[in-house]
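Notes follow the structure.
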Protein chains: 2
Amino acid sequence: MDCIHYAIMLEIIERRHLRDQLGEAIRDRIVRQRLPANQSIGENALASELGVSRTPVRETLLGLERDGFVKAVPGRGFVVLPLSAEEARQLYPIVWSLERLALSDVTEVSPDLIAKLRGLNRNLESATTPQERKQIDADWHRCLISVSGNQRLAAMLEGAKASIARYEHAYMDAAGPCDQSIEEHEHIASLLDESPALAADAIEAHWRRGLAVILVAIEGTPQA
Amino acid sequence: MDCIHYAIMLEIIERRHLRDQLGEAIRDRIVRQRLPANQSIGENALASELGVSRTPVRETLLGLERDGFVKAVPGRGFVVLPLSAEEARQLYPIVWSLERLALSDVTEVSPDLIAKLRGLNRNLESATTPQERKQIDADWHRCLISVSGNQRLAAMLEGAKASIARYEHAYMDAAGPCDQSIEEHEHIASLLDESPALAADAIEAHWRRGLAVILVAIEGTPQA
DNA sequence: TGATTGCATAATGTATACAATCCATGTAAT
DNA sequence: ATTACATGGATTGTATACATTATGCAATCA
């Protein structure tokens with residue numbers, strides 16, 4: 001029994017397609033505006049920069065098109081879509097509707113899960129780097145919607161959240177989730193086992209506040 | 001000035017990627033179970049059958065993976081995912097949540113739109129072939145959610161509806177939308193300008209009934 | 001007989017090739 | 001000077017090639 005068998009037994013070998021690994025890198029370039037909006041993506045340059053061929057790059061871009069990062073224009077490749085207040089106004093309600101759905105119809109919430117949410121929230125409090133804070137915040141929401149057990153819902157939310165990340169990066173404080181977010185998380189966690197309906201209202205309010213921040217940043221006017 | 005210039009001026013020339021055209025064909029093969037579930041898709045056979053190379057076929061399959069039709073397994077290609085009551089229970093609530101969202105926050109509904117809905121519903125009544133009925137039903141729902149103006153929402157719903165079409169084809173009466181559906185459509189249209197909230201409730205009920213039909217067909221028991 | 005190994009074949013994942021088309025620059029004509 | 005057009009290089013969309021990995025089957029062994 002050699003090391004390969006051990007690897008299989010322990011599920012160490014985890015093969016991933018190149019396109020999945022590239023996703024992170026290319027999304028990052030878009031979020032950080034290294035690939036500017038309204039500009040066609042040079043597939044050759046991107047591929048050689050990433051050390052792969054055009055094929056997996058194009059596969060990744062097709063996925064990013066589904067998530068609303070880019071648009072494929074016949075004959076001129078993939079174009080990075082611009083951010084807009086209008087799109088933000090479209091995206092956020094989708095997210096809060098889907099997270100509401102995750103919390104509806106929940107009959108019983110395990111104490112373990114609430115404990116896990118509280119733990120993540122503590123980690124969020126003590127996190128130092130913005131990157132870490134954003135990561136933990138995303139984990140907290142993933143954990144929250146896991147109560148539904150709805151995998152299709154989780155997958156759709158992943159895509160929508162990725163789009164929203166663009167707006168948060170571009171317009172929100174680079175520090176990441178603030179104290180108010182942490183308080184709201186705690187509030188939601190505490191509501192979870194008493195009244196899922198109230199928790200659903202709270203999660204919607206949480207996102208509404210996030211949208212308001214973004215819209216102020218984009219449009220300047222406090223209430224638009 | 002030759003015919004090509006005219007074509008461009010009139011926007012007659014509409015270039016589409018092969019992957020988009022293949023989408024319909026491959027989805028159809030899955031829905032009709034010509035590509036059976038739990039079975040890996042032979043890309044070579046499919047490509048030559050469709051008269052194209054593997055490249056656009058694979059691009060299409062990546063899109064179908066996003067819509068939950070297939071799953072890419074590293075090393076063994078794309079596998080057609082099986083239908084399950086569990087997935088149906090996940091999909092339908094997503095659809096009614098998103099259609100609810102489309103109807104919420106609607107301030108003013110144009111009379112034109114209501115007239116168009118009623119017109120489509122009449123077409124649905126007089127449609128003859130099941131294919132036509134399904135097409136018109138889909139158009140009716142597209143028209144309904146267009147009141148929101150939320151394009152991201154519309155795109156997500158397209159994907160979710162495509163998945164649901166698999167269930168409807170496999171388990172619902174092949175005749176397509178029935179008289180009750182038409183009545184419900186009419187009811188929803190009439191509620192639309194008075195009370196969007198009630199219309200939202202009605203559209204949810206519409207989909208809940210659809211889910212119930214599917215679940216009975218899959219599981220047999222009337223209330224599960 | 002039943003399980004296992006080894007090999008041959010087929011299929012996948014990625015890279016590369018090639019034809020079509022886009023875009024920028026330059027040139028001529030008005 | 002501006003427009004129209006021609007031309008070349010660059011880029012895309014699709015096809016094909018190639019290396020790796022999976023799959024099936026026959027031969028071997030317990």
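In the text below, chain A, chain B and the rest are named by the order of the sequence lines, each starting its count at 1. The figures that follow rest on heavy atoms only: side chains count, while hydrogens, waters and symmetry mates do not.
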Residue pairs passing the salt bridge (charged side-chain N to carboxylate O under 4.0 Å, His left out) test where at least one lies in residues 70-88 of chain A, sequence neighbours excluded = A:Glu87-B:Arg152
Which residues within residues 48-72 of chain B lie with some heavy atom under 4.0 Å of an atom in DNA chain C?
-> B:Arg54, B:Arg58
Please give, in whole Å, the distance from D:dG13 C1' to A:Ile41 CD1?
-> 16 Å
Nearest 0.5 Å please: distance from the CG atom of B:Leu83 over to the CZ atom of B:Phe69.
-> 9.5 Å
Would you please name every residue forming a salt bridge (charged side-chain N to carboxylate O under 4.0 Å, His left out) with B:Asp67, sequence neighbours left out?
-> A:Arg66
With sequence neighbours excluded, what pairs up with B:Arg142 under the salt bridge (charged side-chain N to carboxylate O under 4.0 Å, His left out) test?
-> B:Asp139, B:Glu158
Partners passing side-chain contact (heavy atoms from CB on, under 4.5 Å) against B:Ser104 (at least two apart in sequence or in another chain) = B:Leu101
Which residues share a side-chain hydrogen bond (donor to acceptor under 3.5 Å, both in side chains) with A:Arg54, sequence neighbours left out = A:Glu43
For DNA chain C, note the earliest and the latest nucleotide, 5' to 3', having some atom under 4.0 Å of a heavy atom belonging to chain B.
-> C:dT12 to C:dC22
Pairing of A:Asp20 and A:Arg16 as salt bridge, 4.0 angstrom limit | no
To the nearest Å, how far apart are B:Leu18 CG and D:dG13 P?
-> 11 Å
Five-pair end axes of the helix from C:dT1-D:dA30 to C:dT30-D:dA1 and the angle they enclose, rounded to 10° | 10°
Take the angle between the ring planes of B:His206 and B:His141 and call it parallel below 30°, perpendicular above 60°, tilted in between.
-> parallel
Within the distance-only criterion (no hydrogens, no angle test), does the side chain of A:Asn121 pair as donor or acceptor with the backbone N or O of A:His185 below 3.5 angstrom?
-> no
Contact list for residues 116-136 of chain A, test salt bridge (charged side-chain N to carboxylate O under 4.0 Å, His left out), sequence neighbours left out = A:Arg118-A:Glu186
Strictly under 3.5 Å: I want the nitrogen or oxygen pairs between protein and nucleotides 20-22 of chain D, one per line.
unit_1 : atom_1 : unit_2  : atom_2 : d
D:dT21 : O3'    : A:Arg15 : NH1    : 3.0
D:dA22 : OP1    : A:Arg15 : NH1    : 2.4

The salt bridge (charged side-chain N to carboxylate O under 4.0 Å, His left out) partners of A:Glu65 (sequence neighbours excluded) come to none
Using salt bridge (charged side-chain N to carboxylate O under 4.0 Å, His left out) as the criterion, list what pairs up with B:Arg166, not counting sequence neighbours.
-> none
Electrostatic pair A:Glu219-A:Arg89, nearest N-O below 4.0 angstrom = yes
